[in-house]
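See below for the structure under consideration.
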Amino acid sequence: MDAQRLKDSFAHVAEQGDAVALFFYSDLFVRNPHLRDMFPIGMSGQRDKLLRALGHIVSQVDDLADLVPFLQQLGRDHRRFGIVAEHYPHVGASLLTTLRHYSGPAWNDDLESDWNAAYTLVAKVMLEAADENALSTPAWWNGQVVAVERRRFDISVLRVQPDRPLPYVPGQSVALEVPSRLRHWRYYSMANAPRPDHTVDFHVRLVDGGPVSPVLVRGTQTGDRVRMGAPIGTLTLDESSPRDVLLVAGSTGLAPLKAILEQISRRTVPPRVHLFFGARSRDGLYDLEDLTKLAGGFPWLTVVPAVSDEPGGHGFSSLLQSGDDGVEHGNLSDVVARRGPWDGHDAYVCGPSVMVGHTVEQLTRLGVPRDRIRLETFADAQR
Ligand SMILES: Cc1cc2nc3c(=O)[nH]c(=O)nc-3n(C[C@H](O)[C@H](O)[C@H](O)COP(=O)(O)OP(=O)(O)OC[C@H]3O[C@@H](n4cnc5c(N)ncnc54)[C@H](O)[C@@H]3O)c2cc1C
Ligand code: HEM
């Protein structure tokens, strides 16, 4: 296999934009109508996932150490979509037809055999990982919503009882599907450390115009059913570290960090923990009551709430300072920066991508080594 030839070939095809994905799926569904039902009804926004992943795969085709774990995870993820070995050749055939179509005169036998070999290898790694995973793990968990708390018009906290224990590490997330949006899987982070009754909490914020979050936030009731995929994610506590801990959460980015906080609280000697919880306005600090209670009970925990879009109350200078009620004003990353130093801490950051980006920038500027900052953004998943 000539890695450079594959990269050049994919780059040329990808230049032709959205049409490529449209062509690929049209070809796949015309030849295999029975596969259409496996995909969401409205596919805008979903359409380029497979091809984007393929771009990522091709770009790493000569770096197997990074590529193989990615493919194994992808293979395991496909179990919840009901994908089995016999589906792979159909996708492979449509993929090759698409590549051939958009390569024009550049297509030749050598290129075709390189693409064939690459796809066969990718499919093999994905399928082997899926098969191995099937020995120990279900393809999905059924869950029932057992409690719903609407904290604000656009934020709800849901408690779900899985039909069997969902083994996860605090900080991880699961893909979740609701019956009224079949096959639209979205990731949500468990907001608690594992409990004896196995229930899990999710903090969900409504994203305007999105298909799934409005249903979860406004339309979900006790008794409703959901499905959950296998837990994923690496925003997990470094248990071997002796350092103090800094948690920085924007909005529902609090969920995984609250799970980590609970995990820390179970230690005999917890480290010092600072939790910064930011939102645009005070009513966006939807979990502050609970966090304040926790801080009252744990002398090792300091909670700093912060709002970015509300004036401070006592004139201009207070825009950058703490208000009477302990709520800080300013962008979360600036609030964190001025309460430092943090260079002796392990940092965990979660929330919207802009907030996460700024916080990581500030922390590295203040001397926190990049490898001591773990993060998750609530944008599209890793691919
Ligand atoms: C690993 C991971 C964990 C996540 N955990 C949570 C969680 O615990 N709680 C939670 O509320 N959400 C979480 N999300 C986001 C969640 O998966 C959904 O994307 C979100 O709920 C919107 O779903 P939707 O179907 O309504 O819209 P989508 O179709 O997912 O998104 C519509 C548009 O909004 C953008 N978007 C998605 N999420 C946000 C956001 N938070 N802010 C601004 N724009 C956004 C998308 O990029 C897209 O352009 C997580 C995402 C990932 C990848
Ligand atoms: C090279 C092989 C493949 C790659 C790189 C690939 C890539 C992807 C990616 C990145 C996603 C999004 C996952 C997520 O959102 O969590 C996805 C979803 C999906 N894939 Fe694949 N896939 C491959 C093979 C297949 C095959 C053989 C099928 C069988 C028909 C298939 C069917 C699906 C379905 C039904 C979804 C969910 C719907 C969606 O989100 O679009 N995939 N795939």
Side-chain angles (χ1 to χ4, degrees), residues 149-157 170-171 173 188-193 201-206 217 235 237 244-265 270-310 312-313 319-340 342 345-360 362-363 368 373-378:
E149 279 182 44
R150 299 201 201 285
R151 298 280 177 93
R152 200 173 77 150
F153 73 98
D154 64 346
I155 299 177
S156 291
V157 174
S173 312
Y188 295 96
S189 312
M190 282 67 78
N192 58 289
D201 291 349
F202 296 105
H203 297 182
V204 187
R205 191 162 72 84
L206 186 151
V217 172
L235 179 71
L237 185 66
D244 288 339
V245 170
L246 168 65
L247 306 172
V248 186
S251 185
T252 49
L254 176 65
L257 302 188
K258 200 176 177 191
I260 289 176
L261 185 63
E262 258 186 55
Q263 180 185 15
I264 293 175
S265 74
R272 271 214 61 75
V273 178
H274 279 82
L275 166 61
F276 288 79
F277 178 37
R280 291 193 171 177
S281 58
R282 269 162 219 247
D283 63 348
L285 298 170
Y286 65 92
D287 206 39
L288 189 53
E289 207 183 309
D290 200 35
L291 295 177
T292 309
K293 247 186 250 160
L294 289 177
F298 297 140
W300 45 267
L301 172 64
T302 305
V303 172
V304 182
V307 294
S308 59
D309 289 6
E310 275 182 10
L319 281 173
L320 297 171
Q321 295 300 326
S322 170
D324 294 340
D325 54 0
V327 175
E328 299 254 350
H329 293 262
N331 282 330
L332 189 55
S333 55
D334 298 335
V335 173
V336 172
R338 64 175 184 250
R339 294 285 291 251
W342 303 114
H345 286 65
D346 291 331
Y348 299 83
V349 188
C350 188
S353 38
V354 174
M355 172 246 131
V356 170
H358 285 160
T359 305
V360 172
Q362 290 271 31
L363 291 177
V368 183
I373 307 175
R374 294 193 182 179
L375 54 90
E376 186 85 86
T377 63
F378 282 2

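If you're wondering where the values come from, they're calculated on a predicted model, not measured in any experiment.
In terms of heavy atoms, E310 sits closest to H329 at O-ND1, 3.0 Å. When all heavy atoms of G171 and A259 are compared, the closest pair comes out as N-CB, 3.9 Å. Between S251 and I155, the closest heavy-atom pair is OG-CD1, 4.5 Å. Between D283 and S281, the shortest heavy-atom contact is OD1-OG, 2.7 Å. Here the shortest heavy-atom pairing between L363 and A347 reads CD1-CB, 3.7 Å. Here the shortest heavy-atom pairing between V217 and L206 reads CG2-N, 3.6 Å.
Counting only heavy atoms from C-beta outward, the side chains of V248 and L375 never approach each other to under 4.5 Å. By the 4.5 Å heavy-atom criterion applied to side chains, M355 and V349 are counted as neighbours. P352 is not listed as a side-chain neighbour of V354, based on a closest heavy-atom distance of 4.5 Å or more. When side chains are defined from C-beta on, L254 counts as touching L275, because their heavy atoms get closer than 4.5 Å.
Side-chain atoms of N192 come within 3.5 Å of backbone atoms of D201 as a donor-acceptor pair (strictly under, hydrogens ignored). Distance alone, capped at 3.5 Å, places no donor-acceptor pair between the Q362 side chain and the V336 backbone. E262 contributes a side-chain N or O that, together with a main-chain N or O of A193, makes up a donor-acceptor pair within less than 3.5 Å.
Taking CG of L237 as the reference point, atom CG of D346 lies at 8.0 Å (rounded to 0.5 Å). Atom NE2 of H358 and atom OG of S353 lie 10.0 Å apart (nearest 0.5 Å).
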Query raised in the report: Given L246 and F276, is the side-chain contact (heavy atoms from CB on, under 4.5 Å) satisfied, shown in steps?
Result: CA-CA 8 Å; L246 168 65; F276 288 79; 3.6 Å; yes
Requested in this report: Start with the C-alpha distance between F378 and V356, add both sets of side-chain angles, then the distance that settles side-chain contact (heavy atoms from CB on, under 4.5 Å), and finish with yes or no.
Outcome: CA-CA 10 Å; F378 282 2; V356 170; over 6 Å; no
Requested in this report: Decide yes or no on side-chain contact (heavy atoms from CB on, under 4.5 Å) for L257 and F277, but give the supporting numbers first.
Outcome: CA-CA 10 Å; L257 302 188; F277 178 37; over 6 Å; no
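Only one option out of R151, R152, H203 pairs with Y286 in a side chain to side chain donor-acceptor pair (under 3.5 Å); it is H203.
Classification of the H345-W342 ring pair by plane angle, with boundaries at 30° and 60°, yields perpendicular.
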Check: residues 289-309 side-chain donor-acceptor pairs under 3.5 Å, at least two apart:
residue, atom, partner, partner atom, Å
D290, OD2, K258, NZ, 2.6
T292, OG1, L288, O, 2.6
T302, OG1, R272, NH2, 2.6

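For the residue pair S333 / N331, no side-chain donor-acceptor distance below 3.5 Å is found, with atom types taken as modelled.
Within the structure, salt bridge (charged side-chain N to carboxylate O under 4.0 Å, His left out) pairs that include any residue of residues 348-360 do not occur (at least two apart or interchain).
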